[in-house]
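Okay, so here's the structure we're looking at.
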Amino acid sequence: MIQYNFPTVLFYGADALKDLAPAIQKRGLKSLLLVTDPGLVQIGLADSVKSTLTSSGLNIEIFDNVHPNPIEEDVTAGVEMYKSGGFDGIIALGGGSAMDVAKTIRFMAVHEPPLAQYDDALGGDAKIVNPMPPLFAIPTTAGTGSEVGRSSVITLKETGRKTIFFHPGLMPDIAVLDPKLTVGLPPHITAATGMDAFTHCAEAYLVDSFHPMADALAVEGMKMIVANLPKVLDEPGNLDARGKMLLAASMGATAFQKGLGMIHSMAHPLSAEFNIHHGLANALLIKFGMEFTIEKAIIAQNQELLNKLEKIGGIISNNTLSDIRLIPKLLGTFINRIGIILGLNEQGIQIEQTSVLATLAFEDSCHATHPFPVSIEDFKAVYNRAL
């Protein structure tokens, strides 16, 4: 028996936000904590969303103590505010950071600390047993797809490591994909989050497990990103392209219920150790991780993997690919096209630091579903290539 899981309810389209308050009120909810980040408060988007929701009679209070790479202290402060405020639900507004903090507040509001005991790698999901408050997600980036996901990633205070928390109950009740809310996103964040979504799709597609539905979503997601990410950067007001990027991000996150791969295992330490945006970390690594994977697939003559790589290459090249060994070059061209400069050295990372990064990447669980085993030495070699 194989169990397949598909996502939460989606409200899609320009002004879809206006339909959220009535849907919340139908559930009998009155007072909700809006979890967001300081940047969205600063530009006024958080207050604008709050105003839209309160105009229907809901009580909304803003919690914006969210770091770009969320830390345990963010969750602790959020839980304290949720409990003291007498709220009956949570709204996540923002990118993956706000979503991750909101999801973690969701289960920690009804479970005892410490947070570390719920680490998915230690079987912590079995300890998440209590009914959780409702959660509604409003993404303002088209990247993580966290609005349809069942996990969160938080850096624990004790270990300093990004830690995954997983439970089916963490999936938001409703996700609002309103392209108007992504219009103000800076171009470099638009590009980085778009590459996060592409990496989700690509890595999920390469996972060696039977899941044709997720594979179909991953393939279509890659096509939508290749077609629409440059368009969004060239035409910031193009709501159709922005909407498709939001859908592609949700599709990528749905697809990676299959798992991810070595690129994400390498990206996580870059964020935890050097505070590099997660999407940017993926963008800096995907060319080199794919190059390594292609080389291994050719040596092993793994036909299924070679066929999948050829499919990815066809998507990037608009079906003009003649040799899968050209994929890294095509990826590099696409990444430069969207304004990202490759080179970990550009982020201040030196060759003497790659040994520690490789060890941390090896300890990360994402590469367990890479199409073949990856060693610490392999990780170090790919980090060195990415310098």
Side-chain angles (χ1 to χ4, degrees), residues 143 162 191-192 194-208 218 221-222 225-226 252 255-256 258-274 276-300 302 305-306 308-313 315-316 321 324-336 338 340-347 349 351 353-387:
K162 279 184 173 258
M195 283 309 300
D196 188 22
F198 185 88
T199 308
H200 289 159
C201 291
E203 287 206 293
Y205 183 53
L206 294 178
V207 171
D208 182 20
M222 284 186 281
I225 293 163
V226 169
F256 79 63
K258 283 181 69 185
L260 288 165
M262 66 177 295
I263 297 162
H264 267 76
S265 284
M266 296 179 70
H268 287 152
L270 289 183
S271 297
E273 300 297 314
F274 295 93
I276 296 173
H277 182 281
H278 174 66
L280 176 59
N282 280 321
L284 295 172
L285 294 166
I286 187 170
K287 171 183 176 179
F288 307 97
M290 290 291 281
E291 183 178 54
F292 172 77
T293 299
I294 290 164
E295 290 169 0
K296 290 284 190 179
I298 291 172
I299 292 169
N302 182 333
L305 180 55
L306 290 169
K308 286 184 174 181
L309 289 165
E310 186 176 350
K311 184 78 170 179
I312 292 172
I315 292 168
I316 303 167
L321 184 73
I324 62 169
R325 286 170 290 192
L326 295 173
I327 291 174
K329 182 179 179 181
L330 292 167
L331 276 169
T333 300
F334 183 77
I335 291 165
N336 287 330
I338 60 174
I340 294 174
I341 299 172
L342 292 177
L344 295 181
N345 58 327
E346 297 284 339
Q347 308 298 320
I349 297 168
I351 194 165
Q353 295 167 311
T354 59
S355 293
V356 171
L357 286 170
T359 300
L360 294 174
F362 185 75
E363 292 171 356
D364 185 272
S365 62
C366 286
H367 71 94
T369 45
H370 197 74
F372 52 80
V374 185
S375 68
I376 292 178
E377 292 74 21
D378 292 333
F379 280 121
K380 183 177 179 181
V382 178
Y383 275 125
N384 288 343
R385 291 187 192 190
L387 287 172

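Residue indices begin at 1 and follow the sequence shown.
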If every non-hydrogen atom of [X] is compared with every non-hydrogen atom of [Y], which pair is closest and at what distance?
X	Y	answer
Ala255	Ala218	CB-CB, 3.9 Å
Ala283	Leu342	O-CD2, 3.4 Å
Cys201	Gly252	SG-CA, 3.6 Å
Ile263	Gly289	CG1-CA, 4.3 Å
Phe274	Leu357	CE1-CD2, 3.9 Å

Test side-chain contact (heavy atoms from CB on, under 4.5 Å) applied to Leu305 and Thr293, step by step: CA-CA 9 Å; Leu305 180 55; Thr293 299; 4.3 Å; yes
Partners passing side chain to side chain contact (heavy atoms under 4.5 Å, CB included) against Ala192 (at least two apart in sequence or in another chain): His277, Leu280
Partner set under side chain to side chain contact (heavy atoms under 4.5 Å, CB included) for Asp208, not counting sequence neighbours: Glu304
Short side-chain to backbone donor-acceptor contact, [X] and [Y], under 3.5 Å:
X	Y	value
Lys308	Tyr205	yes
His367	Gly261	no
Lys258	Val207	yes

Which residues share a salt bridge (charged side-chain N to carboxylate O under 4.0 Å, His left out) with Glu346, sequence neighbours left out: none
Partners passing salt bridge (charged side-chain N to carboxylate O under 4.0 Å, His left out) against Glu273 (at least two apart in sequence or in another chain): none
Got [X] and [Y] here, is their nearest side-chain heavy-atom distance under 4.5 Å?
X	Y	value
Phe362	Ser265	no
His370	Asp378	no
Met262	Cys366	no
Ile349	Ile276	yes
Leu344	Thr354	no
Tyr383	Ile351	no

Contacts of Arg325 that satisfy side chain to side chain donor-acceptor pair (under 3.5 Å) - sequence neighbours left out: Asp323
To the nearest 0.5 angstrom, please state how far the [atom1] atom of [X] sits from the [atom2] atom of [Y].
X	Y	atom1	atom2	answer
Phe292	Phe379	CZ	CZ	8.5 Å
Lys311	Leu321	NZ	CG	12.0 Å
Met266	Leu285	CE	CG	5.0 Å
Leu330	Ile315	CG	CD1	12.5 Å
Thr369	Leu206	OG1	CG	10.5 Å
Ile294	Glu291	CD1	CD	7.5 Å

His278-His264 aromatic ring centre distance below 6.0 Å: yes
Phe198-His200 aromatic ring centre distance below 6.0 Å: no
Short side-chain donor-acceptor distance under 3.5 Å, Ser355 and Lys380: yes
Thr199 and Asp196 side chains, donor-acceptor separation under 3.5 Å: no
Summary of salt bridge (Lys or Arg N to Asp or Glu O under 4.0 Å) pairs that have at least one residue in residues 359-371, sequence neighbours excluded: Arg161-Glu363
Derivation and outcome, side-chain contact (heavy atoms from CB on, under 4.5 Å), residues Ile286 and Ile335: CA-CA 10 Å; Ile286 187 170; Ile335 291 165; 3.8 Å; yes
Atom CD of Glu295 with >12 non-hydrogen neighbours under 6.0 angstrom: yes
